[in-house]
Number of protein chains: 2
Amino acid sequence: MSERRPGEIPEATVARLAVYLRVLTGLVDASTVIVSSEELAAIAGVNSAKLRKDLSYLGSIGTRGVGYDVTLLREKIASSLGLTQRRTCVLVGVGNLGHALAGYPGFSSRGFTFVGYFDVDPGRVGDPIADSKISDISELESVVEANGVSIGVIATPAEAAQTVCDRLVDAGVTSILNFAPSVLAVPDNVDVRKVDLAAELQILSFHEHRKSRGPGDGLVESVG
Amino acid sequence: MSERRPGEIPEATVARLAVYLRVLTGLVDASTVIVSSEELAAIAGVNSAKLRKDLSYLGSIGTRGVGYDVTLLREKIASSLGLTQRRTCVLVGVGNLGHALAGYPGFSSRGFTFVGYFDVDPGRVGDPIADSKISDISELESVVEANGVSIGVIATPAEAAQTVCDRLVDAGVTSILNFAPSVLAVPDNVDVRKVDLAAELQILSFHEHRKSRGPGDGLVESVG
DNA sequence: AACCGCTTGTGAACGTAAGAACAAAGTCGA
DNA sequence: TCGACTTTGTTCTTACGTTCACAAGCGGTT
């Protein structure tokens with residue numbers, strides 16, 4: 001039992017592959033040719049055994065006694081993540097955060113092309129954004145369908161997120177990155193990842209709280 | 001074995017508590033008084049057994065046969081996350097993303113007070129930002145120490161992140177939220193959470209790739 | 001060609017998390 | 001006051017993820 005089909009990569013591993021990819025790109029830029037799992041793991045901030053196991057899901061890439069060919073490994077990871085083809089995306093909700101995302105250099109440099117930026121606010125429509133212009137939300141479906149967009153990024157207020165999500169899914173989008181603080185309901189074939197900024201701070205707050213109580217005593221506070 | 005000390009809440013649970021908290025705040029606004037684990041789980045998008053187990057770490061809060069008192073539960077979660085006291089934060093790196101974060105309403109409304117916004121660029125210093133002004137990075141330490149800042153948010157380019165991180169830690173910050181695409185090295189007593197925007201898209205890309213190959217065949221691509 | 005040292009790839013042990021199922025404990029109605 | 005009904009809190013099972021430890025395999029050296 002628990003035989004993993006070839007090509008089946010665990011979720012936790014996928015998330016780390018993206019990190020390894022970034023680190024490897026840095027190594028390529030530094031003209032590094034070979035890297036050992038120990039070195040790579042140290043840079044990526046993980047255990048070297050974990051790194052080797054992660055990479056083993058992609059096949060036998062390294063050379064025993066030597067290490068990994070940096071360029072080859074980077075290509076293997078990129079191909080596993082499906083980054084050999086550019087992917088088209090749309091962004092919905094162009095407030096502060098939406099603007100920041102549109103200007104984020106990491107997206108286009110990593111193979112993601114934004115083919116549309118949408119907002120409901122007529123006052124914003126037509127405004128320039130990242131060498132393009134903000135479009136009215138009514139054009140969402142036609143742009144998605146015309147460009148075969150597979151990824152939608154939602155940066156609207158929480159109230160609008162589910163409606164936008166439904167429209168994206170109906171238009172054919174099968175992956176969604178959600179920055180709105182709300183839980184999205186989607187069909188099974190659609191993947192959602194959420195980035196919850198306030199939640200991140202709250203999680204840190206929890207750890208601060210725990211530290212300030214001192215580790216080891218759990219029942220300090222009187223609830224009365 | 002594996003007895004968990006009272007007050008020891010699993011990481012996975014902590015992350016979800018923040019979600020429950022947000023949902024509960026919505027219910028309070030809607031004047032809901034009582035909610036069952038089934039209802040709450042549905043809204044939060046989780047399994048109801050998981051939700052009950054999560055809440056059980058906070059003690060026995062619900063009433064069998066009835067459900068949970070919405071207000072009480074919200075207070076319990078807030079207190080567990082250490083949100084009963086306001087926490088002071090600083091933001092370093094005021095580019096596009098930094099501005100968006102500074103303007104994000106979810107932070108101050110949830111008990112986080114930003115007492116400083118810093119940047120290295122002299123051209124930006126003094127610019128207004130979120131009813132405050134951008135300060136020069138040289139003032140970082142004094143502001144952190146004067147305000148007992150516990151949380152630092154890094155929104156600088158990748159190259160600057162580790163240096164900024166070191167300075168924050170030296171000044172006494174014990175929790176860091178990192179938006180820069182880089183791995184931060186910190187002492188054991190410091191918590192780091194990272195938000196890697198490009199990685200999020202890459203993870204979605206992986207799932208798109210997997211879907212397009214069709215589920216079930218793992219060895220389609222010829223490697224030669 | 002045979003050996004030695006190094007690093008990978010992996011099997012097995014451990015720990016954490018998720019989900020099903022049920023006993024405990026409360027409310028409400030008669 | 002008693003019993004039926006509802007929903008929590010928890011136990012147990014299964015799955016997933018991490019880490020250790022080492023055999024397998026490769027390059028360099030003699």
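So that the names make sense, note that chain A is the first sequence line, chain B the second, and so on, each numbered from 1.
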Taking DNA chain D as the partner, which of residues 184-194 of chain A come within under 4.0 angstrom of it by heavy atom?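 Result for residues 184-194 of chain A: none.
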
What are the residues of residues 13-46 of chain A, sorted by number, that bring a heavy atom to within less than 4.0 Å of DNA chain D?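 Residues of residues 13-46 of chain A under 4.0 Å from DNA chain D: A/Arg16.
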
What nucleotide, of C/dG9, D/dG9, C/dA17, holds the atom closest to the side chain of B/Ala12?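 The listed nucleotide nearest to B/Ala12's side chain is C/dA17.
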
Strictly below 4.0 Å: does B/Tyr68 bring a side-chain N or O up to OP1 or OP2 of D/dG9?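 The answer is yes; a side-chain N or O of B/Tyr68 sits under 4.0 Å from OP1 or OP2.
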
Contact class for A/Ile61 vs. all strands (heavy atom < 4.0 Å): base, sugar-phosphate, or nothing?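 Sugar-phosphate, no base atom in range.
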
Take atom [atom1] of [X] and atom [atom2] of [N], then tell me their distance rounded to the nearest Å.
| X | N | atom1 | atom2 | value |
| --- | --- | --- | --- | --- |
| B/Asp69 | C/dT27 | CG | C1' | 15 Å |
| A/Lys76 | C/dT8 | NZ | P | 17 Å |
| B/Leu51 | C/dA20 | CG | P | 15 Å |
| B/Lys50 | C/dT16 | NZ | C1' | 13 Å |
| A/Glu11 | D/dT18 | CD | P | 12 Å |
| B/Asp54 | C/dG19 | CG | C1' | 12 Å |

Side chain to side chain contact (heavy atoms under 4.5 Å, CB included) with [X]: which residues, sequence neighbours excluded?
| X | result |
| --- | --- |
| B/Arg87 | A/Ser205, A/Glu208, A/His209, B/Gln85, B/Phe112, B/Ser150, B/Ile151 |
| A/Ser36 | A/Glu38, A/Glu39 |
| B/Asp166 | B/Gln162 |
| B/Val66 | B/Ile34, B/Thr63 |

Tell me every residue that passes ring-ring contact (aromatic ring centres under 6.0 Å, His included) with A/Tyr104, counting only those two or more places apart in sequence or in another chain.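 For A/Tyr104 the ring-ring contact (aromatic ring centres under 6.0 Å, His included) partners, ignoring immediate neighbours, are A/Phe107.
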
Do A/Leu21 and A/Leu83 have side chains that approach each other closer than 4.5 Å (heavy atoms only, starting at C-beta)?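 Contact flag for A/Leu21/A/Leu83 side chains = yes.
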
In B/S/- notation, 5' to 3', how is nucleotides 20-30 of chain D contacted by protein heavy atoms closer than 4.0 Å? BB--BBBS---

With rounding to the nearest 0.5 Å, note down the distance linking CG in B/Leu177 to CG in B/Leu101.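 B/Leu177 CG to B/Leu101 CG: 8.0 Å, rounded to 0.5 Å.
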
Tell me every residue that passes side-chain hydrogen bond (donor to acceptor under 3.5 Å, both in side chains) with B/Arg64, counting only those two or more places apart in sequence or in another chain.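 Here no residue qualifies.
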
Show me the pairs that pass salt bridge (Lys or Arg N to Asp or Glu O under 4.0 Å) and involve [range], at least two apart or across chains.
| range | answer |
| --- | --- |
| residues 167-179 of chain A | A/Glu141-A/Arg167 |
| residues 180-201 of chain B | A/Arg22-B/Asp196, A/Arg193-B/Glu200, A/Glu200-B/Arg193, A/Lys211-B/Asp191 |
| residues 42-60 of chain A | A/Arg16-A/Asp54 |

